[in-house]
Amino acid sequence: MLAETWRRGGSGPTDEERRILTELGREHQVPELGGNAPIPLLPLAQLFAREVSGLVMPEGRDLLQVLWCPFDGHGSPPCPRVHLVWRTSADVGEILAEPACPAVVGDEDYVPEPCALAPEQVTEHEWGELLPEGLRRRIEEWEEALWEEAEEDADDEDEPVSYDGDLSIAPGWKVGGHAAWGVTGPDEFLCSCGSSMGLLLTIASAEWGGDRGSWTPIEDLSLIGRHGVNTPTQVRIGRGGHLDVFVCSVDPTHDHKLSFQG
């Protein structure tokens, strides 16, 4: 409804829309639900191995379903608990027309807006702090030179490109690739079996950002600046960050770990 209001422009929501928004904004309670009552998990993503290049599956599985609890009272820092379900699509029987919905959620930002995927493979480079010292120094010198050129050019109002912001790690929802460590700094995860863990999935608040459009799909360049265009899922992590899911490099069915970069 809010998206439709933005598209119309003008005077904002109609009287009927305001009434509905007011009702939706009330603090609803469900008396029959106790504090520890089970609630359905929310479906977050469904990925088929045939559609996502590089998606590593356990032997005999070709479908990954990602769900989460729509409350942030899990772990520290608090964030939704993610559940990974590895399946064989040929064994899936009757499909529910409507998935089970919880009677209440902890935050509307944890309720994803249904949308279709259009996977695109991109090349990323490692987070800057993890690069060899000599290479980091060369990148810093290159960025400083770009800033000096920009300051000398009075007609150029755009900020120069940067390694972290424009060249290294793609923003948005993604499978695999490198992790961005802008909040906590780099970390290394080890599985309980002692094996290293790799990035499986990034759950992001936005697909791309900023005005330069370095990571914006070509077909969306004309839409830069339009409200809501880069947030199709309507999911928001923390203050606009992302949540990374890491899995065991030997057996992805082992317990996964999360990195909250909110």
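No hydrogens, no waters, no symmetry mates; every other heavy atom, side chains included, goes into these values.
The local environment of CD in Glu108 is sparse, with at most 12 non-hydrogen atoms from other residues, nucleotides or ligands closer than 6.0 Å. In this structure, Gln121 places its CD atom where only 12 or fewer heavy-atom neighbours from other residues, nucleotides or ligands lie under 6.0 Å away. Taking a 6.0 Å sphere around CH2 of Trp6, one finds it holds 12 or fewer heavy atoms contributed by other residues, nucleotides or ligands. Crowding of Glu4 atom CD: a count of heavy atoms from other residues, nucleotides or ligands under 6.0 Å exceeding 12.
Although no hydrogens or angles enter the test, the distance criterion places a donor-acceptor pair under 3.5 Å between the side chain of Ser162 and the main chain of Gly165. Under a 3.5 Å cut-off, the side chain of Ser205 and the backbone N or O of Gly238 do not form any donor-acceptor pair. Looking only at distances, a side-chain donor or acceptor of Asn230 sits under 3.5 Å from a matching main-chain atom of Trp208.
Judged as a side-chain hydrogen bond (donor to acceptor under 3.5 Å, both in side chains), and not counting sequence neighbours, the contacts of Trp127 are Glu129. Considering only residues two or more places apart in sequence or on other chains, Asp72 meets the side-chain hydrogen bond (donor to acceptor under 3.5 Å, both in side chains) condition with none of them. Taking His125 as the reference, nothing meets the side-chain hydrogen bond (donor to acceptor under 3.5 Å, both in side chains) condition, with sequence neighbours excluded. Legend: residues meeting ring-ring contact (aromatic ring centres under 6.0 Å, His included) with His254, ordered by chain and number and at least two apart, are absent. With sequence neighbours excluded, no residue satisfies salt bridge (Lys or Arg N to Asp or Glu O under 4.0 Å) with Glu98. Arg18 pairs by the side-chain hydrogen bond (donor to acceptor under 3.5 Å, both in side chains) definition with nothing, not counting sequence neighbours.
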**Request:** Report the C-alpha distance between Thr233 and Glu113 in whole Å, list the side-chain angles of each, state the deciding distance to 0.1 Å, and finish with yes or no for side-chain contact (heavy atoms from CB on, under 4.5 Å).
**Result:** CA-CA 5 Å; Thr233 66; Glu113 181 72 15; 5.5 Å; no
**Request:** Determine, stepwise, if the pair Gln261 / Ser259 fulfils side-chain contact (heavy atoms from CB on, under 4.5 Å).
**Result:** CA-CA 6 Å; Gln261 302 290 315; Ser259 169; 3.0 Å; yes
**Request:** Decide side-chain contact (heavy atoms from CB on, under 4.5 Å) for Leu84 and Leu200; before the verdict, give the C-alpha distance in whole Å, the side-chain angles of both, and the deciding distance to 0.1 Å.
**Result:** CA-CA 11 Å; Leu84 305 179; Leu200 169 71; 3.7 Å; yes
**Request:** Could you give me the CA-CA distance, side-chain angles and deciding distance for Glu159 and Trp147, then say whether side-chain contact (heavy atoms from CB on, under 4.5 Å) is met?
**Result:** CA-CA 8 Å; Glu159 291 186 359; Trp147 272 102; 4.0 Å; yes
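The ring-ring contact (aromatic ring centres under 6.0 Å, His included) analysis of residues 86-115, with sequence neighbours excluded, yields the pairs Trp68-Tyr110. The list of salt bridge (Lys or Arg N to Asp or Glu O under 4.0 Å) pairs with a residue in residues 173-190, not counting sequence neighbours, reads Glu124-Lys174. Residues in residues 130-146 take part in these salt bridge (Lys or Arg N to Asp or Glu O under 4.0 Å) pairs, two or more places apart or across chains: Glu133-Arg137.
Rounding to the nearest 0.5 Å places CG of Asp164 at 7.5 Å from CD1 of Ile169. Between atom CD of residue Gln65 and atom CG of residue Leu47 there is a gap of 9.5 Å, rounded to the nearest 0.5 Å. Once rounded to the nearest 0.5 Å, the distance linking CG of Leu64 with OG of Ser89 reads 12.5 Å. Summarising the geometry, atom OG1 belonging to Thr253 is positioned 11.5 Å from atom CD belonging to Glu59; distances are rounded to the nearest 0.5 Å. Taken to the nearest 0.5 Å, the CG atom of Asp251 stands 8.0 Å off from the SG atom of Cys191. To the nearest 0.5 Å, atoms CG (Leu21) and OG1 (Thr5) are separated by 7.0 Å.
The hydrophobic cluster containing Trp215, built from Ile/Leu/Val/Met/Phe/Trp/Tyr side-chain heavy atoms closer than 4.5 Å, also comprises Val122. Side-chain contacts under 4.5 Å among hydrophobic residues (ILVMFWY), followed directly or transitively, place Val85 together with Leu41, Leu67. Using a 4.5 Å cut-off between side-chain heavy atoms of Ile, Leu, Val, Met, Phe, Trp and Tyr, Ile95 falls into a hydrophobic cluster with Phe48, Leu63, Val92.
Using a 3.5 Å distance cut-off with no hydrogens or angles, the side chains of Ser249 and Ser196 do pair a donor with an acceptor.
Closest non-hydrogen pair, Pro160 versus Leu146, comes out as CB-CB, 3.8 Å. Taking all atoms of both residues into account, the shortest heavy-atom contact from Leu199 to Phe246 is N-CD2, 3.6 Å. Contact between Leu130 and Pro186 at its shortest, heavy atoms only, is CD2-CB, 3.5 Å. Between Val250 and Ser195 the shortest heavy-atom distance is CG2-OG, 3.2 Å. Here the shortest heavy-atom pairing between Ile224 and Thr216 reads CD1-OG1, 4.1 Å. Between Leu42 and Pro112 the shortest heavy-atom distance is CD1-CD, 4.3 Å.
No side-chain heavy atom of Leu258 sits under 4.5 Å from any side-chain heavy atom of Phe189. Residues Cys69 and Pro80 have side chains not in contact (no heavy-atom distance under 4.5 Å, counting atoms from C-beta outward). Side-chain contact between Ser168 and His178 is absent, with no heavy atoms from C-beta onward closer than 4.5 Å. At a threshold of 4.5 Å between non-hydrogen side-chain atoms, the residues Val235 and Ile237 count as touching. Contact check for Ile203 versus Trp173: side-chain heavy atoms found under the 4.5 Å cut-off. Taking 4.5 Å as the limit, some side-chain heavy atom of Arg8 sits within range of a side-chain heavy atom of Thr14.
Just one residue in the list Arg226, Glu219, His227 forms a side chain to side chain contact (heavy atoms under 4.5 Å, CB included) with Leu223, and that residue is Arg226.
When hydrophobic clusters are built by joining Ile, Leu, Val, Met, Phe, Trp and Tyr residues whose side-chain heavy atoms come closer than 4.5 Å, directly or via intermediates, Leu117 is grouped together with Val52. Residues Val175 and Leu243 are members of one and the same hydrophobic cluster, defined by side-chain heavy-atom contacts under 4.5 angstrom among Ile, Leu, Val, Met, Phe, Trp and Tyr. Following chains of ILVMFWY side-chain contacts shorter than 4.5 Å, one can reach Leu55 starting from Leu201, so the two form part of one hydrophobic cluster. No path of Ile, Leu, Val, Met, Phe, Trp and Tyr side chains, each step under 4.5 Å between heavy atoms, connects Val82 with Met197, placing them in separate hydrophobic clusters. If you chain together hydrophobic residues whose side chains sit under 4.5 Å apart, Phe260 and Val247 fall into the same group.
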